[in-house]
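Some notes on the structure that comes next.
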Amino acid sequence: MKDSNDHARAGRVRGNLSRRRLLQGTAGTFGTALASAGIYELIDGFAKPPDRATVADIPPIQEQYILQNEQVVKVDGSGVKSSNGTVAVRVPALHDHVITAKLNVPAKAKELQEAQHHLESALLELERQFPATPTGVATTVAWGLSYFQHYIPSLGKTSGFFKAGTPYPAYLPVDLRTSKTEGRTVYALQEARTFPSDQPPPGFGPVRLEQNDVAVLLRSDSLANIKAAQNALFGPGSNQAGSLFKVTSIRQGFSGGGFYGQQGLPSKLALAADIPGAESIPRQAQGFLGFATTLDSNMGPGNIANLETLPGFTNQWPNGYFKQGTTMHLSHLFQDLVTWYEQNFPKYADRVQAMLQPGLSPAPGTLALQPPGQSEAEVAQGVQRYHAYGHTGSMSKVDSTTSTTTGNYGKTYPSGTTIPVRGDFDTLDNPFHYTSDPTADHYSKKPAAGLHFISFQPTTAFFNIVRLSMDGHYPDMTLPIAPRSPHAGINSILQTTHRQNYLVPPRRHRSFPLAEFLV
């Protein structure tokens with residue numbers, strides 16, 4: 001049940017929202033979109049920043065994708081921090097922005113090396129201003145296959161990593177497991193593909209498999225810090241790096257806000273934007289669909305998602321150029337809240353079984369749920385018994401270590417340890433805050449409930465296997481459930497619009513990787 005004061009405040013916000021329409025991303029005006037966060041400017045007034053421990057002078061680590069000093073709290077069933085809490089949850093940054101771009105640099109060695117120094121200088125200056133933590137701003141720079149293919153056709157210099165003349169894609173990390181399975185060389189970074197349950201909105205056309213050269217992920221509890229970072233990296237000034245890029249999209253969003261008992265951002269912002277179904281979002285929910293999504297046990301620990309951490313994944317151990325890097329999947333999906341809360345899954349128990357797995361019956365209103373986990377055989381048995389499977393249950397074993405494993409850095413991971421690290425966040429973008437191609441992207445100023453999905457894992461092939469299991473497709477069997485059926489987890493309420501895969505280098509090579517080897 002909603003607090004009447006929450007709804008009164010939401011009503012006042014709706015009135016303010018009409019005056020803020022002009023602040024929303026304008027499809028054809030990048031400068032306006034960069035200067036304003038639109039509806040997301042309400043977040044800092046809505047949400048108290050998480051109570052994070054103060055850590056002075058944290059040196060940035062090589063793993064760009066790891067959010068340093070991310071707080072882990074114990075929450076009760078409602079998802080609120082409590083001394084009696086039993087479920088460990090990571091408290092994500094309140095603000096998440098992703099900027100994608102094509103390069104505005106000639107494909108020549110001198111110009112690329114100058115660009116490399118220019119961008120790295122801007123990144124170092126940013127780090128001097130803000131720690132790479134949620135209280136500052138955490139920056140992740142990821143590179144698409146189009147960058148390597150078009151700008152790094154071959155390496156002209158011999159190094160400790162490569163021989164002179166090494167052509168694209170031979171310098172990329174090799175996916176050892178998939179190469180062995182397929183009997184050919186397969187690289188850790190692959191082009192994005194679609195999946196059986198992928199279905200864009202009516203009239204959208206096929207899922208857009210993007211070809212951006214670069215994507216920059218910015219995470220912070222402060223919108224002002226995010227804006228400063230965006231200006232440093234994409235602004236037009238001589239001491240900024242914007243001249244290097246042709247920005248293709250700005251994607252904005254949020255997560256959390258309710259871990260300390262306040263109304264969560266998904267509920268507040270969906271109500272403020274008059275999103276259909278917003279009244280059904282639980283008051284303190286971390287995400288639009290109601291459940292806690294950053295359970296510590298469901299996120300890869302430490303650097304497990306690195307290219308080289310787990311033996312046998314790639315060839316980057318012990319001395320690969322991309323060692324301490326990873327791969328990243330970025331996609332956008334709409335979430336149909338009316339279908340979720342009112343049509344396909346009107347009861348709390350229905351939503352639990354769709355989100356986790358059939359057969360569970362927690363106390364009504366429990367948002368922080370630790371699923372028991374299912375093997376492929378148990379998922380298949382559940383389908384026989386309940387004629388359905390759940391979202392997390394279908395993936396719980398596929399995305400984890402299958403036996404006790406000792407990593408290359410000496411840490412031992414128990415069987416069932418999650419490997420991917422997710423960074424997904426809810427959004428009101430439709431589909432983006434800004435796009436350079438509003439017609440092709442079907443841009444609209446009307447807010448819509450969605451998800452900018454981000455996942456870090458050692459190889460693209462590993463992501464594909466996990467994502468296929470969400471549709472009931474396993475390497476050795478396919479579940480007898482239509483992938484978009486209401487009996488197939490949460491698939492029926494998702495509509496995918498965009499996908500792309502990226503390589504996230506280590507921090508030392510984050511700026512125009514490999515450009516130093518060009519001649």
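Note that the numbering runs from 1 along the sequence shown for the chain. Computed from a predicted model, the values in this text were never measured in an experiment.
- Looking only at atom types and distance, the side chain of Asp441 has a donor-acceptor partner in the side chain of His498 under 3.5 Å away.
- To the nearest 0.5 Å, the span separating OG on Ser280 from CG on Leu289 amounts to 12.0 Å.
- Relative orientation of the Phe462 and Phe313 rings is perpendicular, given thresholds of 30° and 60° on the angle between their planes.
- Closest approach of Ile304 and Pro458 over heavy atoms only: O-CG, 4.2 Å.
- Remark: the Asn306 side chain and the Glu63 side chain contain an N/O donor-acceptor pair separated by less than 3.5 Å.
- The nearest pair of heavy atoms linking Pro447 to Ile275 is O-CD1, 3.5 Å.
- Here the closest heavy-atom approach between residue Pro282 and residue Tyr341 is recorded as CD-OH, 3.4 Å.
- Using bins of under 30°, 30° to 60° and over 60° for the plane-to-plane angle, the ring pair Tyr65/Phe456 lands in the tilted bin.
- Exactly one residue among Thr339, Asn491, Asn344 makes a side-chain contact (heavy atoms from CB on, under 4.5 Å) with Pro486. That residue is Asn344.
- Summarising the geometry of Phe288 relative to Leu428, their closest heavy-atom pair is CZ-CD2, 3.9 Å, with the distance given to 0.1 Å.
- Met355 is listed as a side-chain neighbour of Ile490, based on a closest heavy-atom distance under 4.5 Å.
- The minimum heavy-atom distance linking Arg251 with Thr100 is given by the pair NH2-CG2, 3.7 Å.
- Side-chain N or O atoms of Thr326 include one that pairs as donor or acceptor with a backbone N or O of Gln457 at under 3.5 Å.
- Remark: aromatic rings of Phe334 and His332 are close, center separation under 6.0 Å.
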(request) Could you give me the CA-CA distance, side-chain angles and deciding distance for Arg507 and Thr139, then say whether side-chain hydrogen bond (donor to acceptor under 3.5 Å, both in side chains) is met? (result) CA-CA 10 Å; Arg507 178 176 174 273; Thr139 305; over 6 Å; no
(request) Please assess Phe30 against Tyr434 for the test ring-ring contact (aromatic ring centres under 6.0 Å, His included), listing each intermediate value before the final yes or no. (result) CA-CA 7 Å; Phe30 167 65; Tyr434 162 84; 5.5 Å; yes
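- The aromatic rings of Tyr348 and Phe291 lie tilted to each other, with the angle between the two planes from 30° to 60°.
- Using bins of under 30°, 30° to 60° and over 60° for the plane-to-plane angle, the ring pair Phe254/Tyr40 lands in the tilted bin.
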(request) For the pair Met299 and Glu70, evaluate side-chain contact (heavy atoms from CB on, under 4.5 Å) and give the outcome as yes or no after the intermediate values. (result) CA-CA 12 Å; Met299 303 277 273; Glu70 184 179 34; 5.5 Å; no
